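Some notes on the structure that comes next.
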Amino acid sequence: FVGRNSSPFLKTSLQTTVWNDLTGNVTHCLLQSDAKRDQGFDGASTGWTNWVDEKSSKALRDCLDSFSLQCTDTDERVISCFRWLSKCPAPAIVDLSEELRTLVAARMTQYDTSFSNQDLSSSSGFLQRVACHLILLPSGSVLTQSLQSPAGAMIHGKLLQGGVTRFRLLNGRRTGERRQVSSNEEAPSWLQYGGPERNYKAVDMGPCILMELILLPKGLEFKTPLGTNMVGLPVSPDTYLVRAPPKNATESQHSHPNSVIDVSHWDKTFSSTVGGLEPQIEQIIRRVLDGRVLRPVSVGVASSDKNTDESDTIDKIRREEMQGLMDLGLQPVRGLLLYGPPGCGKTSLAREISNILDAVPPKIVSAPELLDRWVGGSEKLIRELFIDAENELRACGGDATKSALHVIVVDEIDAVFRKRSAGEGSAEVTRASAVNQILSKLDGVQALNNVLVIGMTDRKELLDPALLRPGRLEVHIEIPLPDQQGRREILKLQFDALRRSGRLSLPLCRAIDGDTKARMSMRGWPRRLLRRLRMKMFAEPSVSEILDLSAPRWTGGWSGADIAGLVRSSGSLALTRTRNQGGTIPGDLLITLEDVRMALNDLKS
Ligand SMILES: Nc1ncnc2c1ncn2[C@@H]1O[C@H](COP(=O)(O)OP(=O)(O)OP(=O)(O)O)[C@@H](O)[C@H]1O
């Protein structure tokens, strides 16, 4: 796409190709609507929306419908800009109004010769009635400040990536909610009118990008920027908005960058976010990831991003190696199932895998979201999950080695993809056809090799056996309750931020690390015997007894989520104590072993 500082680029490339139709339609819509208003349909007197010429507004939306956001260049700057757009870390708006106005001004000369590019001051009133921006929302987020346009403004919207729920705010309450997913042609553009505040919430299935094109009635002008959400592009803004590629798009147009990923540190990256799962991580790397992205020929060379020649060579070697494996019939794994008791880190691990693969922003959905009450609705939602991968594979001429990897994470997979039965209830029929749909996408006639599906469940036994067979979710990895060593690692991870900011007392730090010296010492055995006796007599343990928090006596049978709960509970107890003692949070907050002991009692009772 094009940002503020990109005028030279905009003038050379976009003017003639990409935006031509759009600017033509914008200009036409404004002029036609003005003419309608001049004929007496004054918004102020007959209702604000009456000034709009519906026919030209519909033509403008049809034009928007054919837009999609794609990276069509192999230039590193373009790619990084594209990645930033689709992985924007916080809700943001990229303003494109100036670019659009320049093009509309050029267009206007065709209608009116007094409207020249050199003298925009006379026409600025007209141009100031047009605005266009991209709204970027990370998964599940909303704009920090709602948007508001004057009553009567025409707001044309188009979803370009992900999913969104759009709503209005009336007296602080959300109304008129509409949900839309997917960035393909099936997500139609919409028209809404200004007046009340509006906002957007990204559906929890990955980052969302949408475009708003706003036209104001005569007499109104855009003056102020769109508030605190506004940002500029952080990198050279040379990524473009293009029309959907023709079906026979050539390979060179869509050669997706196969980024060089150094996988030699993956195990360390994983273990910095999830604890106690080394054997499982080792299995995932060996059985799933190694076959996807090959280990670098030389780590030293691979990490030197600047040297493009060397990176290209490595990329070439990787592709050849990947192609060699494919020729031998060694297809990469397309599906991974993580199963085990709740709260043991399945979701955290899946998120980590999809982040590490760093190809296309992962789509993360909860399976119940895929159930739709309308006939064919669930199948459509499932197809939409795979549509980007399908489009890219088609653009690469069906060669998966040239396509980026698309990761799809489906949580609570048992809610939908359970064993099909002969039942004839409508819910059963919907579920069965949803299962069939995903089966065909994973390993049927429409199987996609550029996809990795990660399913998660607490109830593996409920899943349809056809889904679990080799070729589909073929690697099954159990994420069990952590053992003592695992609990110690999770405790260290969960307390890590507090420890690094100096908020943990020394005895607590020792108990987290497991005071092995004290445990192993034989000298203290009479005292230990006394302690055990006291434990039998009094229900509550004393602080001095907690030498190792990971010991079965304290946290035996706990999951990672339980341990995270213990940390939260201890923190809030310390917070209350500090406030009651008149201390300040930045200066005096210290979590002690006594806080943890009380939290243990609370959680166990
Ligand atoms: N192995 C672990 N290491 C670190 N933190 C963990 C681990 N397991 C769980 N947690 C903590 O527990 C929380 C919940 O974990 P997560 O959602 O990954 O579990 P889950 O197995 O997917 O549960 P469910 O099956 O109920 O969805 C995480 O946010 C994390 O804080």
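What you see is a predicted model; the values in this text were computed from it and never measured. Just so you know, ligand 1 is whichever comes first in the structure, and atom 1 is the first atom listed for that ligand.
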Nearest-neighbour protein heavy atom for atom 5 (N) of ligand 1, which is reported as residue plus atom name and distance: Gln494 NE2, 3.0 Å
Check whether any N or O atom of Cys344, backbone or side chain, sits under 3.5 Å from an N or O atom of ligand 1, and answer yes or no. yes
Using a plain distance cutoff, I'd like to know if Gly343 has any nitrogen or oxygen under 3.5 Å from a nitrogen or oxygen of ligand 1. yes
Any idea which part of Thr347 is under 4.0 Å from ligand 1, heavy-atom wise: side chain, backbone, both or neither? both
Tell me, which protein residue and heavy-atom name are nearest atom 12 (O) of ligand 1, and how many Å apart are they? Ala561 CA, 3.2 Å
Run the numbers on Asn199 and Gln145 for side-chain hydrogen bond (donor to acceptor under 3.5 Å, both in side chains), then give the verdict. CA-CA 8 Å; Asn199 206 331; Gln145 190 186 348; over 6 Å; no
Determine, for Glu379 against Arg383, whether the closest basic-nitrogen to carboxylate-oxygen distance falls under 4.0 angstrom. no
Write out the residue and atom name of the closest protein heavy atom to atom 21 (O) of ligand 1, then the distance separating them to 0.1 Å. Lys346 NZ, 2.8 Å
Quick one: which residue pairs count as a salt bridge (charged side-chain N to carboxylate O under 4.0 Å, His left out) with a foot in residues 337-349, not counting sequence neighbours? Lys346-Asp458
Of all protein heavy atoms, the one nearest atom 10 (N) of ligand 1 is Gly560 C, 3.6 Å
Answer with yes or no whether the side chains of Thr165 and Arg179 bring together a donor and an acceptor at under 3.5 Å. no
Starting from atom 3 (N) of ligand 1, what is the nearest protein heavy atom, named by residue and atom, and what distance separates them? Gly275 N, 2.9 Å
Quick test: of every protein heavy atom, which one is nearest to atom 26 (O) of ligand 1, and how far off is it to 0.1 Å? Pro342 CB, 3.4 Å
Rounded to the nearest 0.5 Å, how far does CG of Leu468 lie from CG of Leu473? 6.5 Å
Just heavy atoms, cut-off under 4.0 Å: does Met456 contact ligand 1 by side chain, backbone, both, or neither? neither
Nearest protein heavy-atom contact for atom 29 (O) of ligand 1: which residue, which atom, what distance? Ser348 OG, 4.3 Å
Short side-chain donor-acceptor distance under 3.5 Å, Ser433 and Asn436: no
The closest protein heavy-atom partner of atom 25 (O) of ligand 1 is Asp458 OD1, 2.8 Å
Please list all pairs meeting side-chain hydrogen bond (donor to acceptor under 3.5 Å, both in side chains) that have one or both residues in residues 562-573, counting only residues at least two apart or in different chains. Ser559-Asp562
Side chain to side chain donor-acceptor pair (under 3.5 Å) partner of Asp388, the single match among Lys363, Gln161, His406: Lys363
Please determine if Val274 has a nitrogen or oxygen closer than 3.5 Å to a nitrogen or oxygen of ligand 1. no
Given the ring of Phe167, does Arg174 sit roughly above its face, with NZ or CZ under 6.0 Å from the centre of the six-membered ring and within 45° of the axis? yes
